[in-house]
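Just below is one structure, and these are the notes that go with it.
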Amino acid sequence: MSLIETIKTKAKKDVKRIVLPEGEEPRTIAAAKIIRDEGLAVPVLLGDPARIDAEGIEIINPETSDKAAGYANELYELRKAKGVTPEDAAKLVKDPMYYGIMMVKLGDADGLVSGAVHTTGDMLRPALQIIKTKPGMKVVSSSFLMDCPNKSLGENGLLVYADCVVMPNPTAEELAHIAVSAAETARALCDIEEPRVALLSFSTKGSAKHELVSKVQQATEIAHQIAPSLLLDGELQLDAALVPEIAASKAKGSPVEGRANVLIFPDLQAGNIGYKITQRIAGADCFAVLQGLAKPCNDLSRGCSVDDIVNTVAMTAVQAQ
Ligand code: ACO
């Protein structure tokens, strides 16, 4: 079974309620029907019912909803220290993105998927401001689940890449938290029982000296402190992370042993380029999720297909379980 089929099977076992703020958008409506028909989740569409043809699917109009006033009060309480006034809050909850985030915050939905229309930044900001990080986690970041044709790599071809979406230039401490989060994602979504985490660099075990290398070395130390039992090593070049023979010569004694299944990139440029290289040149299927949020919210690419939306809802539902 492919990774996404396994995730869909899991989603069906404990059905969650997932809100889709871009409810008037045609791909989203088509996806909601598939999600409902396949029993992957209970979809809730936000928008004007007059513009949504989706019989049998719950539609909520934030403009007229009787819950909007309560959500506005809560939003004001959460953000008043940041200068949000009651009038601002009342206006913000009419925006489906904020309305959906408040549904998740207050438990009226288990998760949210958006981004077919909104940019990554516009989708992320309300989630970061309102849902916030889960206890003990310093940052929200992302993992890409990479299902590669070469089954000799990672966990039978499965690899988790982080961070490829959120943090442009993480500090050493933030990078450590990204590594620990990605290992959790590998366990929760990919059924990888033993994540083996490599913090990547252009240097292996001090072969080069540079402030960029020092950051990855520090991040490795901090990650060891946060999660002492996690199999984790750095700084490693990609080949020392993935090829046992190269690890044996360049990184003797590495706990990862050239068999990494979780790859941590030093910054967003490396991560974003890295996943796209794997997708385009190696032909991997890839699926993005946000990690570190107190409740699951996930972003779509604006070029997403109906299938991408269905898949992301299934992953969000599993994260909510
Ligand atoms: N984790 C936790 N909280 C965060 C994070 C984070 N990574 N980043 C920002 N925040 C919090 C801030 O502390 C702040 O909270 P507060 O308002 O309660 O004080 C709130 O979020 C907003 O912070 P800002 O600094 O105003 O937000 P910013 O403008 O930095 O935006 C964002 C954050 C949107 C994540 C930004 O870093 C960004 O644009 N990242 C890149 C996104 C992107 O374009 N990715 C590549 C394309 S996606 C693809 O290819 C699949």
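All ligand and atom numbering here is 1-based and tracks the order in the structure.
- With a 4.0 Å cut-off on non-hydrogen atoms, T119 does not touch ligand 1 at all.
- One finds a salt bridge joining R17 and E58 here, because a Lys/Arg side-chain nitrogen approaches an Asp/Glu carboxylate oxygen to under 4.0 Å.
- The nearest protein atom to atom 20 (C) of ligand 1, hydrogens excluded, is given as Q129 CG, 4.0 Å; this is a heavy-atom distance.
- Heavy-atom separations between P168 and ligand 1 include at least one value shorter than 4.0 Å.
- Shown in contact with V165 at under 4.0 Å from a heavy atom are these atoms of ligand 1, numbered in order with element: 41 (C), 42 (C), 43 (C), 45 (N), 46 (C), 48 (S), 51 (C).
- Between Y99 and Y71, the ring center distance clears the sub-6.0 Å criterion.
- Side chain of E25 to backbone of R27: a donor-acceptor contact under 3.5 angstrom is found.
- Atom 21 (O) of ligand 1 has L128 CB, 3.3 Å as its closest protein atom, hydrogens excluded (heavy atom only).
- Protein heavy atoms come within 4.0 Å of atom 6 (C) of ligand 1.
- Interface of G121 with ligand 1, defined as ligand atoms under 4.0 Å from a residue heavy atom, comprises 34 (C).
- Remark: E155 engages R196 in a salt bridge, criterion side-chain N to carboxylate O under 4.0 Å.
- Contacts with ligand 1 closer than 4.0 Å are made by side-chain heavy atoms of T120 only, the backbone lying farther away.
- Among residue pairs with one or both ends in residues 124-138, those qualifying as salt bridge (Lys or Arg N to Asp or Glu O under 4.0 Å) are D122-R125, K134-E184, K138-E173; sequence neighbours excluded.
- There is no path of hydrophobic side-chain contacts, each under 4.5 Å, that joins L159 to L268.
- In this structure, atom 31 (O) of ligand 1 has a protein heavy-atom contact shorter than 4.0 Å.
- Only the side chain of K132 comes within contact range of ligand 1, with a heavy atom under 4.0 Å; no backbone atom does.
- Between K67 and D108 there is a salt bridge, since a side-chain N of the basic residue sits under 4.0 Å from a carboxylate O of the acidic one.
- Under a 3.5 Å cut-off, the side chain of D88 and the backbone N or O of T85 do form a donor-acceptor pair.
- Judged by distance alone, the side chain of S65 and the main-chain N or O of N61 form no donor-acceptor pair under 3.5 Å.
- Every N/O-N/O distance between T133 and ligand 1 stays at or above 3.5 Å.
- The shell of residues lying under 4.0 angstrom from ligand 1, judged by heavy atoms, includes R79.
- Distance screen at 4.0 Å: atom 25 (O) of ligand 1 has no protein heavy-atom neighbour inside the cut-off.
- In terms of N/O distances under 3.5 Å, ligand 1 is approached by V140.
- Residue L124 has at least one heavy-atom neighbour below 4.0 Å for each of these atoms of ligand 1: 35 (C).
- A salt bridge between D191 and K10 is present, with a side-chain N of the basic residue lying under 4.0 Å from a carboxylate O of the acidic one.
- Using a cutoff of 4.0 Å between basic side-chain nitrogens and carboxylate oxygens, K250 and D239 are scored as salt-bridged.
- Below 30°, between 30° and 60°, or above 60°: for F144 and Y275 the angle between ring planes is below 30°, a parallel geometry.
- There is a protein heavy atom less than 4.0 angstrom from atom 2 (C) of ligand 1.
- Set against the non-hydrogen atoms of N272, the atoms of ligand 1 under 4.0 Å away are 49 (C), 50 (O).
- Hydrophobic clustering (ILVMFWY, side-chain heavy atoms < 4.5 Å, transitive): L236 and L175 are in distinct clusters.
- With hydrogens left out, the protein atom closest to atom 51 (C) of ligand 1 is Y275 OH, 3.8 Å, a heavy atom.
- Between K82 and ligand 1, at least one N/O pair is under 3.5 Å apart.
- Remark: ligand 1 atoms within the under-4.0 Å shell around heavy atoms of R125 are 27 (O), 28 (P), 29 (O), 31 (O), 34 (C).
- A salt bridge links D233 and K205; the closest N-O separation between the charged side-chain nitrogens and carboxylate oxygens is under 4.0 Å.
- Distance from atom 36 (C) of ligand 1 to its nearest protein heavy atom, with residue and atom name: V166 O, 4.3 Å.
- The nearest protein heavy atom to atom 13 (O) of ligand 1 is not closer than 4.0 Å.
- Residue M167 has at least one heavy-atom neighbour below 4.0 Å for each of these atoms of ligand 1: 7 (N).
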